[in-house]
2 protein chains.
Amino acid sequence: MKRSLEHIEYKEDTESLAKFAKALGHPTRIVILKYLENQSCCFTGDLVDVLPISQSTVSQHLKELKNAGLIQGELKPPKIKYCIHPENWKIAKTLFQQFFD
Amino acid sequence: MKRSLEHIEYKEDTESLAKFAKALGHPTRIVILKYLENQSCCFTGDLVDVLPISQSTVSQHLKELKNAGLIQGELKPPKIKYCIHPENWKIAKTLFQQFFD
DNA sequence: AAAACCAATCGTACATTTACGATAGAGAAT
DNA sequence: ATTCTCTATCGTAAATGTACGATTGGTTTT
């Protein structure tokens, strides 16, 4: 019985696309990204006001989007300004376009 | 301390996009869908031969893709023929296009 | 009728995700 | 220096995801 998850090798594009897709795989994160697309940028607090979830959960979702490379955070003390990460956003867009032909 | 996960209401398009994205959120499923896009259709066994994972795991991934509506299965005894679900595929494509502008 | 084949499902183990409240830490304002 | 504000992180609980081998069930072939 094998009981430790093995990691399998995939092509880089496949991994990237899956990573981006995974980041998009929660409605809250879709809302956040749509918000950022309209506003171009915003602070964490703005999202906390808009979303029906706690501050810590919003922060967690932002962290995941950041880890996936879809957004970036800039220190604007005492706040943090989040924006779409333009280059990676473009890469993601291209990967999805290619994927769907 | 609240310890049961609440489900929050989102717009239908947001939910749909997140659902499709979630289904795309694993490299194995990306590979399966790419395979289906090229071949147009295939049997479970074909995928088991190609992928470095067990039959039951492949079956599980197929189930998730089916639940997300991205593929459909047709009985071709003793096999099962899987194809892209054209209508939903188109919907997914459109949602991603809209999302990325 | 029995054997063979294919693929779904079951049972299980472990990892990851999602949510919360509480706490911490960095900077600004008093 | 102390207080206030904002947000990340910690700790925790519950749900979901990912993988496997074993089993089951339907269909075909023998």
Side-chain angles (χ1 to χ4, degrees), chain A residues 1-10 14-15 18-32 36 41-68 70-83, chain B residues 1-10 14-15 18-32 36 41-68 70-83:
Chain A
M1 247 188 263
K2 239 185 261 150
R3 285 284 169 247
S4 59
L5 303 191
E6 318 203 345
H7 35 290
I8 298 149
E9 283 290 317
Y10 298 93
T14 301
E15 296 266 18
K19 200 181 75 173
F20 286 133
K22 195 174 182 184
L24 299 182
H26 194 287
T28 295
R29 293 195 289 269
I30 297 288
V31 172
I32 291 174
L36 285 177
C41 284
C42 75
F43 301 106
T44 310
D46 302 340
L47 293 166
V48 174
D49 292 343
V50 167
L51 298 167
I53 55 180
S54 74
Q55 180 265 320
S56 58
T57 305
V58 171
S59 209
Q60 243 179 152
H61 282 301
L62 287 169
K63 191 182 179 182
E64 281 200 51
L65 289 172
K66 203 163 53 178
N67 285 343
L70 288 171
I71 65 171
Q72 59 195 156
E74 186 192 343
L75 274 128
K76 284 270 179 181
K79 302 185 178 184
I80 295 171
K81 197 172 80 172
Y82 281 105
C83 311
Chain B
M1 251 187 258
K2 241 187 259 147
R3 284 287 168 243
S4 59
L5 302 192
E6 318 203 345
H7 34 291
I8 299 149
E9 284 289 317
Y10 298 93
T14 302
E15 295 266 19
K19 201 181 73 173
F20 286 132
K22 197 175 182 183
L24 299 182
H26 193 288
T28 295
R29 294 196 286 272
I30 298 286
V31 172
I32 291 174
L36 285 177
C41 285
C42 75
F43 301 106
T44 310
D46 302 340
L47 293 167
V48 174
D49 293 343
V50 168
L51 298 167
I53 54 179
S54 73
Q55 181 265 319
S56 58
T57 304
V58 172
S59 211
Q60 244 179 154
H61 282 301
L62 287 170
K63 191 182 180 181
E64 281 199 50
L65 289 172
K66 204 161 53 177
N67 285 344
L70 288 171
I71 65 172
Q72 60 195 154
E74 186 192 343
L75 275 127
K76 285 269 178 181
K79 302 183 178 184
I80 296 172
K81 198 173 79 170
Y82 280 105
C83 312

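Since we're looking at a predicted model, the values are computed, not measured. Chain letters run A, B, ... following the sequence lines, proteins first, then strands; residues in each count from 1.
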So B:Lys22, base contact, sugar-phosphate only, or nothing? Heavy-atom distance under 4.0 Å. sugar-phosphate
Rounded interatomic separation in angstrom, taking CG from A:Leu62 and P from C:dT18: 13 Å
Counting the atoms with a prime plus P, OP1 and OP2 as sugar-phosphate, which does A:Ile53 contact under 4.0 Å by heavy atoms, base, sugar-phosphate, or nothing? sugar-phosphate
Hey, what do you get for CG (A:Leu36) to SG (A:Cys41), rounding to the nearest 0.5 Å? 7.0 Å
Considering only D:dT7, D:dA22, C:dA7, which nucleotide approaches the side chain of B:Ser56 most closely? D:dA22
Does the side chain of A:Ser54 get closer than 4.0 angstrom to OP1 or OP2 of C:dA19 through an N or O atom? no
Toward the 5' end of DNA chain C, which comes first, B:Lys63 or A:Leu75, by nearest nucleotide? B:Lys63
Distance in angstrom units between A:Gln55 CD and D:dT5 P, rounded: 14 Å
Using a 4.0 Å heavy-atom cut-off, does B:Thr57 contact any base of the nucleic acid, only the sugar-phosphate backbone, or nothing at all? base
Atom CD1 of A:Ile80 and atom P of D:dT9: how far apart are they, to the nearest Å? 9 Å
Picking from C:dA7, D:dT7, D:dA8, which would you name as closest to the side chain of A:Ser59? D:dA8
Closest heavy-atom pair, B:Thr28 versus B:His61, reported as atoms and distance to 0.1 Å, is CG2-CD2, 3.6 Å
What is the distance from CG of B:Leu51 to P of D:dA19, rounded to the nearest Å? 10 Å
Within this structure, what is the CD-to-C1' distance between A:Gln60 and C:dT17, rounded to whole angstrom? 8 Å
Whole-Å distance separating the CZ atom of A:Arg29 from the C1' atom of C:dT18: 9 Å
Whole-Å distance, A:Glu64 CD to D:dA8 C1', equals 15 Å
Within a strict 4.5 Å, meaning less than it, do heavy atoms of the B:Leu51 and B:Ile32 side chains meet? yes
Of C:dA8, D:dT18, D:dA8, the nucleotide closest to the side chain of B:His26 is D:dT18
Phosphate contact (C:dA19 OP1 or OP2) by A:His61 side-chain N/O below 4.0 Å: yes
side-chain N/O A:Tyr82 vs D:dA8 OP1/OP2, d < 4.0 Å: yes
Got a second to check how far A:Gln60's CD is from A:Glu64's CD, nearest 0.5 Å? 7.0 Å
Using the rule given for side chain to side chain contact (heavy atoms under 4.5 Å, CB included), can you reason through B:Leu70 versus B:Leu24, listing the C-alpha separation, both sets of side-chain angles and the distance that settles it, and then say yes or no? CA-CA 9 Å; B:Leu70 288 171; B:Leu24 299 182; 4.0 Å; yes
Spacing of A:Asn67 atom CG relative to C:dT17 atom C1', expressed in whole Å: 13 Å
